[in-house]
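Below: one structure, written as C-alpha cells.
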Amino acid sequence: MAAAAAAAPGALGTLQAGRARLVAACCARLGPGWRLPGPWTGPRAGPATWARGWTPAIGGPASRRGFGSEVKTEDELRVRHLEEENRGIVVLGINRASAKNSLSKNLIKMLSKAVDALKSDKKVRTIIVRSEVPGIFCAGADLKERVKMNPSEVGPFVSKIRAVINEIANLPVPTIAAIDGLALGGGLELALACDIRVAASSAKMGLVETKMAIIPGGVLKSTFTGRSLPGWHLSSFSAVRMSRSVLAPSVPGGTQRLPRAIGMSLAKELIFSARVLDGQEAKAVGLISHVLEQNQEGDAAYRKALDLAREFLPQGPVAMRVAKLAINQGMEVDLVTGLAIEEACYAQTIPTKDRLEGLLAFKEKRTPRYKGE
C-alpha cells in the first residue's frame with residue numbers, strides 16, 4: 001500500500017504514503033499477529049496468531065495477589081490484584097506519607113517495575129491509581145531529593161519520571177486516577193496520563209510549575225547541560241526543523257496533556273496562573289469526569305473508581321484494549337487517517353473467540369464469558 005501510494009502523483013501520493021506508514025506503525029504497536037485490514041495490505045491475523053500476540057512475555061508478572069496480601073507497610077507503592085467480583089482490577093496505591101507521595105527515585109523505580117509487569121498481564125482488565133495517604137494524591141516531584149542531586153543526575157531523573165508517566169498513559173487497559181487529595185505538578189500530570197479521572201470535591205489540583213520558573217512536564221534532557229537544542233530558535237518558526245531524533249526522547253507532559261483534556265485556552269489560563277482547582281471547579285472545566293463529596297474514610301474518589309472499573313469488567317477485554325488504542329492514536333491525526341486506524345483496529349476483533357462468544361451469548365440471552373482471546 002505504502003509503495004503504491006508513493007507512486008501516486010504529487011502531494012496526494014506523499015500524504016497517502018504517510019498515512020499508510022502511520023497506520024502500519026499503529027498496528028505494529030499492537031504486537032505480533034496484527035495486520036492492516038482489507039485494502040491496506042495482506043491477510044488479517046488468524047485466531048492462533050492473535051492469541052500469541054497477547055501472550056505475556058517470558059519472566060512476566062508475578063503471581064496474582066489478593067487485596068491487602070503480601071504488602072509491607074513500608075512499601076512506597078502497593079500493588080493489589082483484587083479478587084472475587086473485582087477480579088481483573090489492579091490498584092496501584094502510592095504510600096509515601098512522609099513526603100506527601102512526592103515522586104522520588106525509589107517510587108519512580110517501583111512504578112516503572114509495576115507498569116512493566118502489568119502491561120503484559122492478560123488477566124489485568126482495569127488499573128486504578130490512588131493514594132493510600134489521607135488528603136494527598138501526589139505532590140509532584142520530590143524537590144528535597146532533587147536539590148541534593150548533581151546537575152548531571154537531574155536530567156536523567158526528570159526523563160525517567162516523564163518516561164514512567166508515558167508508560168502509564170500507554171498501558172493497554174483502561175486506567176483510572178482516584179484523586180482524594182492534593183494533586184500538584186507532576187502529581188496532576190500522573191493523573192492526566194490516566195484515561196479517566198475522578199476526584200473528591202475537597203481535592204486540590206493544579207499545574208503550579210510556573211511559580212518556580214519552570215514549565216509542566218519537565219524539559220528535554222539536553223537543556224540541563226546548558227546547550228541549546230539543535231535547530232531551536234524561540235524567535236522564529238525554525239523550531240519545526242528540530243530533528244525527530246532529538247524529539248523522540250521527549251514525553252508529552254502537562255503542557256501537552258492538559259490542553260488535550262480541557263482545551264487550549266483554559267489550559268493556558270491554568271498554567272499561566274498556576275491556579276489550583278478544587279474538585280467542583282475541576283469538574284466544571286472538564287479536567288475530571290466525576291466529583292464526589294468526601295466521606296469519613298477519605299476515599300470517595302477511590303470508591304467511585306472501583307464502581308467504574310466494575311462497569312468495565314463484563315466487556316470484551318480484546319475490544320477494550322483495541323478501542324483504547326484506536327481512540328488514543330486517532331486523536332493525534334486527521335479524521336481520514338483516524339478512520340483508517342479504526343478500521344485496522346476493528347479488523348483485529350473479527351477472528352477472535354471473544355467476538356464469537358459475544359454473538360452466541362446475545363443469541364442465548366446470557367452473560368458472555370470472555371477469555372481475552
Side-chain angles (χ1 to χ4, degrees), residues 73-79 91-112 114-115 128-149 153-154 157-169 175-194 197-219 251 253-255 257-258 261 267 270-271 273-279 281-282 287-288 291 294 298-302 305:
T73 57
E74 67 269 25
D75 285 347
E76 292 187 347
L77 181 71
R78 298 177 177 179
V79 182
V91 180
L92 299 180
I94 306 174
N95 185 44
R96 288 196 75 211
S98 60
K100 297 183 179 180
N101 283 352
S102 58
L103 302 172
S104 64
K105 284 183 177 180
N106 185 56
L107 178 56
I108 289 298
K109 180 179 179 180
M110 295 179 74
L111 272 169
S112 180
V115 170
I128 298 174
V129 180
R130 66 165 301 195
S131 166
E132 299 198 358
V133 179
I136 296 290
F137 177 75
C138 176
D142 190 336
L143 299 182
K144 290 183 179 179
E145 181 183 72
R146 187 179 297 185
V147 77
K148 298 176 183 178
M149 293 182 185
E153 296 179 288
V154 177
F157 176 59
V158 172
S159 294
K160 184 62 176 177
I161 293 178
R162 291 161 62 83
V164 169
I165 290 177
N166 199 51
E167 288 169 7
I168 291 173
T175 53
I176 308 171
I179 308 172
D180 275 306
L182 195 68
L184 299 179
L188 181 54
E189 292 184 55
L190 174 61
L192 283 167
C194 295
R197 290 166 293 283
V198 298
S201 57
S202 58
K204 303 291 182 182
M205 61 201 83
L207 297 177
V208 297
E209 285 87 346
T210 53
K211 283 188 175 181
M212 295 180 289
I214 57 176
I215 68 170
V219 293
V251 179
T255 63
R257 288 197 173 99
L258 187 61
L270 295 181
I271 291 172
S273 65
R275 189 180 305 157
V276 175
L277 307 179
D278 62 26
E281 293 169 327
L287 179 54
I288 61 175
V291 59
Q294 190 56 282
D299 64 352
Y302 172 61

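Hydrogens, waters and symmetry mates play no part in the numbers below; they use all other heavy atoms, side chains included. Note that the structure is a prediction, hence the values are computed from the model and not measured. Numbers for residues simply follow the sequence, beginning at 1.
- Put simply, CD1 on Ile161 and OG on Ser104 are 9.0 Å apart, with the number rounded to the nearest 0.5 Å.
- Of the possible donor and acceptor atoms, none in the side chain of Glu209 sits under 3.5 Å from a partner among the backbone N and O of Ile214.
- At least one donor-acceptor pair under 3.5 Å links the side chain of Thr210 to the backbone N or O of Ile271.
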Evaluate side-chain contact (heavy atoms from CB on, under 4.5 Å) for Leu77 paired with Leu107, printing each intermediate quantity in order. CA-CA 7 Å; Leu77 181 71; Leu107 178 56; 4.1 Å; yes
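- Ser131 contributes atom OG, which lies 11.0 Å from atom CD1 of Ile179 (distance to the nearest 0.5 angstrom).
- Without hydrogens or angle criteria, Asn101 side chain to Ala139 main chain gives no donor-acceptor distance under 3.5 Å.
- Within the 4.5 Å cutoff, side-chain heavy atoms of Lys204 are placed close to those of Asp278.
- Of the residues Lys100, Lys105, Lys148, Arg96, the one that meets the side-chain contact (heavy atoms from CB on, under 4.5 Å) test with Asp142 is Arg96.
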Evaluate Val198 against Ile288 for side-chain contact (heavy atoms from CB on, under 4.5 Å), listing each step before the verdict. CA-CA 5 Å; Val198 298; Ile288 61 175; 5.9 Å; no
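- By the salt bridge (charged side-chain N to carboxylate O under 4.0 Å, His left out) test, Lys109 pairs with no residue at all, sequence neighbours left out.
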Any chance you could lay out the side-chain contact (heavy atoms from CB on, under 4.5 Å) test for Leu258 and Leu287, step after step, and finish with the verdict? CA-CA 8 Å; Leu258 187 61; Leu287 179 54; 3.7 Å; yes
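- Taking each heavy atom of Leu192 and Ala261 in turn, the nearest pair found is CD2-CB, 4.2 Å.
- For Gln294 (side chain) and Asp299 (main-chain N/O), a donor-acceptor pair under 3.5 Å exists by modelled atom type.
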